[in-house]
Amino acid sequence: MGITKLADLIRFHAPDAISHKEISDFTGKVIALDTSIVVNQFRAATPTLSPLTGLFFRTLTFLEHDIKPVFVFDGKPPEEKTAALEKRAEAASWKCPNLTGTASSQTKDCLHLLKLLGVPFIQAPGDAEALCAQLVREGTADAVASEDMDTLPFGANILIRQLNAKRDSEVVEYSLPKLLEKLQISQEEFVDLCILLGCDYCDKITGLGPKKALTLIQKHRTIENVVLHINRQTHPVPHFWKYKEARKIFLDAPQTVDPKLIWTEPDEEALVGFLCHVKYVKVERVRRRMERFRQTRESKREERERDKAAGRSRQTRMEDFFRVTRKREQPVEAADSSSSNRKRPKST
DNA sequence: ACTCTATCGTGAGACGAG
DNA sequence: CCTCGTCC
DNA sequence: ACCTCACGATAGAG
């Protein structure tokens with residue numbers, strides 16, 4: 001389940017590593033997405049709607065913004081993660097978790113849909129989050145879009161959350177370099193911090209939460225040294241603690257197979273055939289959405305040509321202008337404890 | 001009395017009509 | 001703009 | 001036929 005309380009820690013101790021943007025700020029960017037998280041969120045949020053439809057709509061919205069998505073699929077989870085998965089399965093009163101990494105029919109449907117949308121996808125050898133981060137590290141992708149914080153200890157410089165198709169939705173960007181700078185720790189020390197906070201790959205020391213863990217890492221730099229300086233009575237170290245294995249998982253990046261990422265035009269007829277005839281989505285919905293997609297694309301293309309003709313320097317100013325006018329008032333509530341005034345921004 | 005942590009329950013999307 | 005019903 | 005995650009409230013430990 002990601003890194004426990006890492007989002008809170010950043011918000012409190014390194015707010016400058018967080019910036020608030022909107023979806024159009026990512027025009028032209030290559031963004032890696034953890035597909036299983038996207039799909040599962042759709043499934044959880046809309047039991048009545050197939051995740052395929054959600055994936056269809058959201059992906060088209062990305063493409064309309066000239067965002068280049070690349071979807072990453074989970075492979076076989078690492079050995080260390082099985083404990084966490086089994087625990088989760090038991091909580092859900094459900095028999096045997098999928099530890100094999102074999103693609104479910106759900107996954108195959110997603111692969112097929114993405115192919116028809118002309119969007120590239122990659123099968124990760126292990127955790128999708130790890131490969132997403134690696135794509136950013138090697139420059140193949142500009143950022144990872146995910147809801148959980150795992151990609152930061154995996155080394156992705158930029159993590160984007162709340163990237164969805166909602167109008168006016170606020171996108172939250174986390175900068176790993178800014179975070180490390182502010183906390184005054186290295187990537188290796190940050191990984192140790194995340195292990196202390198609690199990750200999927202090993203146990204944690206009960207009684208150490210975000211405040212204490214951060215202080216201890218800043219003072220002693222490594223888990224080994226931290227262990228030497230805590231009270232063993234009140235904070236017992238887990239038996240057979242696999243923290244070294246967890247550390248290795250975060251720091252040893254999976255090697256990618258130099259993926260040649262190619263985006264092509266969506267195949268509308270094939271999409272109708274698949275979504276409507278195989279999956280029983282209403283033809284009207286698919287057609288209407290594709291119509292809108294084509295129109296949005298066309299107007300964007302015209303806009304770009306106009307910009308080219310008028311010179312480039314003006315274009316950024318125009319975008320800035322629209323951004324300012326369109327942007328809702330977003331008072332940077334850094335140290336505001338009386339945050340009960342939600343819809344009442346005080347007149348400056 | 002205070003600060004920090006652990007645990008449990010809960011809610012989460014995107015569209016178009018009006 | 002907004003609210004609300006529907007999507008499968 | 002399954003695979004989530006973060007937030008808020010609350011209770012308990014130090």
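Lettering follows sequence order; numbering is per chain, from 1.
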Review point. Please, which pairs that meet ring-ring contact (aromatic ring centres under 6.0 Å, His included) have at least one residue in residues 192-236 of chain A, sequence neighbours excluded?
Key: A/Tyr201-A/Phe250, A/His220-A/His229

Point to revise | A/Asp109: salt bridge (Lys or Arg N to Asp or Glu O under 4.0 Å) partners, not counting sequence neighbours | key: A/Lys279

Check your understanding: What string of B, S and - do you get for nucleotides 13-18 of chain B, 5' to 3', if B is base contact, S is sugar-phosphate-only contact and - is no contact with any protein heavy atom under 4.0 Å?
Key -> BSSSS-

Practice item. State which residues pass ring-ring contact (aromatic ring centres under 6.0 Å, His included) with A/His65; sequence neighbours excluded, sorted by chain then number. Key: none

Point to revise | Contacts of A/Phe274 that satisfy ring-ring contact (aromatic ring centres under 6.0 Å, His included) - sequence neighbours left out | key: A/His112

Exercise for review: Scan A/Val281 against the nucleic acid and name what it touches under 4.0 Å (heavy atoms): base, sugar-phosphate only, or nothing.
Suggested key: sugar-phosphate

Review point. Using the C1' atom in both, what is the distance from B/dG18 to D/dC2, to the nearest Å?
Key: 39 Å

Review point. Could you spell out the base pairing of DNA chain D in dot-bracket, with Watson-Crick or G-U pairs whose two distances are under 3.5 Å, [ ] crossing and | to another strand?
Key: ...|||||||||||

**Study point:** Qualifying side-chain hydrogen bond (donor to acceptor under 3.5 Å, both in side chains) pairs, either residue in residues 237-253 of chain A, two or more places apart
**Key:** A/Asp192-A/Arg247, A/Glu224-A/Tyr243, A/Glu224-A/Arg247, A/Lys248-A/Asp252

Study note, to complete from the structure: A/Gln233 meets the side chain to side chain donor-acceptor pair (under 3.5 Å) criterion, sequence neighbours left out, with none

Practice item. Just jot down the side chain to side chain donor-acceptor pair (under 3.5 Å) partners of A/Arg289, sequence neighbours excluded, or say none. Key: A/Thr61, A/Glu64

Review point. So which residues get pulled into A/Val144's cluster when ILVMFWY side chains under 4.5 Å apart are joined, directly or through others?
Key: A/Val136

Exercise for review: With sequence neighbours excluded, tell me which residues meet ring-ring contact (aromatic ring centres under 6.0 Å, His included) with A/Phe71.
Suggested key: none

Study note, to complete from the structure: 5' to 3', nucleotides 3-9 of chain B under a 4.0 Å protein heavy-atom cut-off (B base, S sugar-phosphate only, - none) gives -SSS---

